[in-house]
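Right, one structure below, let's go through it.
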Amino acid sequence: MLARPAPLTIRGVYSTLRKIALEKGSGSGARRQGLVLSLLRSAREEETRFIVRMLVQNLRVGANWRSVIGALGRAAALHHAKDGLPTKKQLEIAEAATVEAFHLCPSLDVLVPVLLETGPSELGSVCTLRPGVPVKPMLAKAAEGITDALSAMGTTGGAVLGEYKYDGQRAQIHVTNERKVSIFSRNGENRTDSFPDVAEVILEASVGGATSFIVDAELVAIDRANGNRLKAFQELSTRARGAVTSAEITVEVAIFVFDILIADGQPVIEKTLRERRKILQQALPLLAPGRIELARCLEVNTQAKANISVGQIPAIDNRASVQPKDETAEAVLQEFLLTSFADGAEGLMLKQLDAGGYQPSKRSESWLKVKRDYCEGLRDSLDLVPIGGWHGNGRKAKWLSPFLLAAWDPVNEEFQSVCRVMSGFTDQFYAEATERLGRRHRIDGPKPYYVTGECCSVWFEPAEVWEIRGADLTISPVHKAARGHLHPEKGVSMRFPRFIRVRDDKRPQDASTPEVIVDLFNRQTRKVDTRGAPAAQALGNLNSSSGAAQEDLVEDGAEDDGESAFEDDSDSEPGDEACGQET
DNA sequence: GTTGTCTGCCCC
DNA sequence: ATTCTGC
DNA sequence: GCAGAATGGGCAGACAAC
């Protein structure tokens with residue numbers, strides 16, 4: 001018998017995880033595998049679960065960073081308590097101070113030594129806002145429309161700023177007193193090396209303005225040769241991820257600045273947005289269209305019909321227009337929202353101008369986002385057929401999740417996948433759909449007329465139609481809807497798909513068609529340029545898989561063929577099923 | 001060297 | 001990103 | 001109302017397989 005391995009220790013596990021992370025290059029996969037195996041062999045009881053979750057999906061075991069940091073603060077308070085145990089109140093203060101410090105300075109390397117040496121009370125003086133250290137960015141809540149947003153802000157809304165919500169990538173741009181630039185992503189990742197162009201532009205724009213500062217901005221792909229037209233997010237994401245030189249840049253970006261957290265070393269997050277906007281303009285006096293601009297915006301007064309005029313408003317530059325005298329704030333913003341879509345933005349941000357400061361990491365009511373797909377009357381959806389699915393994980397382990405949804409192409413007589421969906425279902429719906437599709441309509445493998453780059457672990461007959469909503473349509477390498485129409489082999493997919501409802505009134509052959517999908521795609525303002533890859537007019541070589549679809553679909557109610565009633569779907573291995581249709 | 005597959009404190 | 005659920 | 005979980009599309013890069 002082999003001896004039982006020594007028990008795991010915190011230090012031992014940590015050191016093995018470090019080794020796994022640092023392992024790279026040819027053969028690294030196998031070496032990493034060996035390290036994981038050694039961990040699992042030594043794991044006992046519950047340890048296995050924690051190790052597996054840590055490795056496969058960010059330790060989803062019921063505690064994310066917010067809770068862990070708070071607990072760390074409480075632990076530090078306990079550690080430093082002088083006489084007896086701290087009161088509940090003292091613990092709460094320690095927790096809040098620690099979480100707050102982490103928002104301003106999200107670095108355990110800074111936080112933990114302070115907690116150990118002096119305790120949570122000293123955090124405020126060490127973990128301060130300063131250029132070079134990323135701050136957790138302020139976030140917005142979704143609103144279902146202008147009306148909804150204004151009422152969510154309440155009657156105290158007063159002056160509201162409507163601001164273009166650009167479809168790019170969030171960037172927190174820091175400049176130190178030594179004029180050293182750092183660029184951080186939404187998640188606090190240092191992306192400075194991939195944006196040398198942005199660093200150059202920000203330095204030029206701030207000459208004569210602030211020396212050191214932190215500004216909040218959106219980086220957007222832009223077509224400078226074509227009137228600074230905004231490009232789709234998909235184009236921005238083709239930029240290199242690693243370090244590049246200015247000469248290697250393939251996709252040009254514009255910086256749309258919308259807030260400032262520090263100006264010349266002074267924190268300004270406590271000031272109102274109106275004040276911050278003013279400071280922002282002073283900090284960056286040399287703006288340049290198509291390179292660096294203030295986010296386009298419009299001020300309205302929600303208290304009454306507007307009676308403000310240009311001269312009375314402190315300058316908020318890049319303003320589209322001013323609220324006319326006899327129009328309500330709501331009507332003006334509604335029109336501004338449509339303008340933002342026409343200009344290629346995602347929608348609007350609505351912000352209170354004279355209330356509240358910049359709240360790091362908060363998803364506050366004082367910032368609301370309005371996007372097309374949130375708005376009744378402006379949003380589109382597709383009616384799609386669930387053709388397959390996978391076995392869920394974690395809390396969804398007893399159900400199928402996600403599902404694969406497809407459009408119906410009546411010309412080629414095939415179902416073409418559009419997207420996976422896992423959002424919008426209630427638990428009860430999962431239970432019912434798993435039973436209905438995963439058992440009663442289950443088939444052994446994909447129908448010959450299912451066209452997709454996906455490989456489901458469970459396949460269904462085309463049995464029902466679901467309404468699916470998304471933000472916009474994209475050109476996809478894996479999904480095949482409307483293939484041949486916009487690109488020779490690529491199809492159309494959907495960004496942020498979610499389930500809305502079952503369309504009981506529709507049968508699979510009533511699902512959305514390529515015709516509808518292509519039309520919706522073409523009506524989008526922002527879309528990837530497919531002109532380089534002209535659509536294949538020659539559909540003749542694509543429809544070879546058709547056949548039998550029509551016969552299958554003629555009658556869909558009464559048939560009960562192949563209903564292997566008690567098939568066990570508990571844990572079939574992914575990849576053990578027939579897979580690999582498509583070309 | 002070329003092609004295919006999988007991953008990412010990725011971006012949205 | 002979006003959405004649902006449990007507290 | 002917040003925290004947490006479970007996942008969406010799609011890209012460049014990294015690595016594996018040929």
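Reckoned from all heavy atoms, side chains included, excluding hydrogens, waters and symmetry mates. Just so it is clear: chains get the letters A, B, ... in the order the sequence lines come, proteins before strands, and each one is counted from 1.
Using a 4.0 Å cut-off between charged nitrogen and carboxylate oxygen, Asp427(A) and Arg395(A) count as a salt-bridge pair. A salt bridge links Arg436(A) and Glu464(A); the closest N-O separation between the charged side-chain nitrogens and carboxylate oxygens is under 4.0 Å.
Checking dC12(B), dT2(C), dG10(D) against every side-chain atom of Arg170(A), the shortest atom distance belongs to dC12(B). Side-chain proximity of Ala240(A) to dC11(B), dA12(D), dG10(D): nearest is dA12(D).
Counting heavy atoms of neighbouring residues, nucleotides and ligands inside a 6.0 Å radius, atom CZ of Arg291(A) does not exceed 12 of them. Heavy atoms from other residues, nucleotides or ligands lying under 6.0 Å from CD1 of Ile10(A) number 12 at most.
Each of Val244(A) and Arg420(A) was assigned the nucleotide of DNA chain D with the nearest heavy atom; the assignment lying further toward the 5' end belongs to Arg420(A). Remark on DNA chain B: of its neighbouring residues Gly168(A) and Pro106(A), the 5'-side contact belongs to Pro106(A), judged by nearest-heavy-atom nucleotide.
Note: Phe499(A) and Phe403(A) fail the aromatic proximity criterion, with ring centroids not under 6.0 Å apart. Taking the six-membered ring for Trp and the full ring otherwise, the centers of Trp466(A) and Phe425(A) sit less than 6.0 Å from each other.
The base of dC12(B) lies outside donor-acceptor range of the side chain of Arg186(A), with no N or O pair under 3.5 Å.
Using atom C1' as the reference point in both dC9(B) and dT5(B), the two lie 23 Å apart (nearest Å). dT7(D) and dT7(B) have their P atoms separated by 15 Å, with the value rounded to a whole Å. Straight-line distance between the P atoms of dC6(B) and dG8(D): roughly 15 Å, to the nearest whole Å.
Ala75(A) pairs by the side-chain contact (heavy atoms from CB on, under 4.5 Å) definition with nothing, not counting sequence neighbours.
Screening Thr250(A), Asp193(A), Ile249(A) against Val244(A) for a side chain to side chain contact (heavy atoms under 4.5 Å, CB included) leaves a single residue, Ile249(A).
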*Given the rule that a pair is Watson-Crick or G-U wobble with both distances under 3.5 Å, how would you write DNA chain D in dot-bracket, using | for pairs to a different strand?*
||||||||||||||||||
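At a non-hydrogen distance threshold of 4.0 Å, Lys24(A), Gly25(A), Ser26(A), Gly27(A), Ser28(A), Gly29(A) from residues 24-37 of chain A come into contact with DNA chain D.
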*Determine, stepwise, if the pair Ile269(A) / Leu104(A) fulfils side-chain contact (heavy atoms from CB on, under 4.5 Å).*
CA-CA 11 Å; Ile269(A) 57 174; Leu104(A) 296 177; 4.3 Å; yes
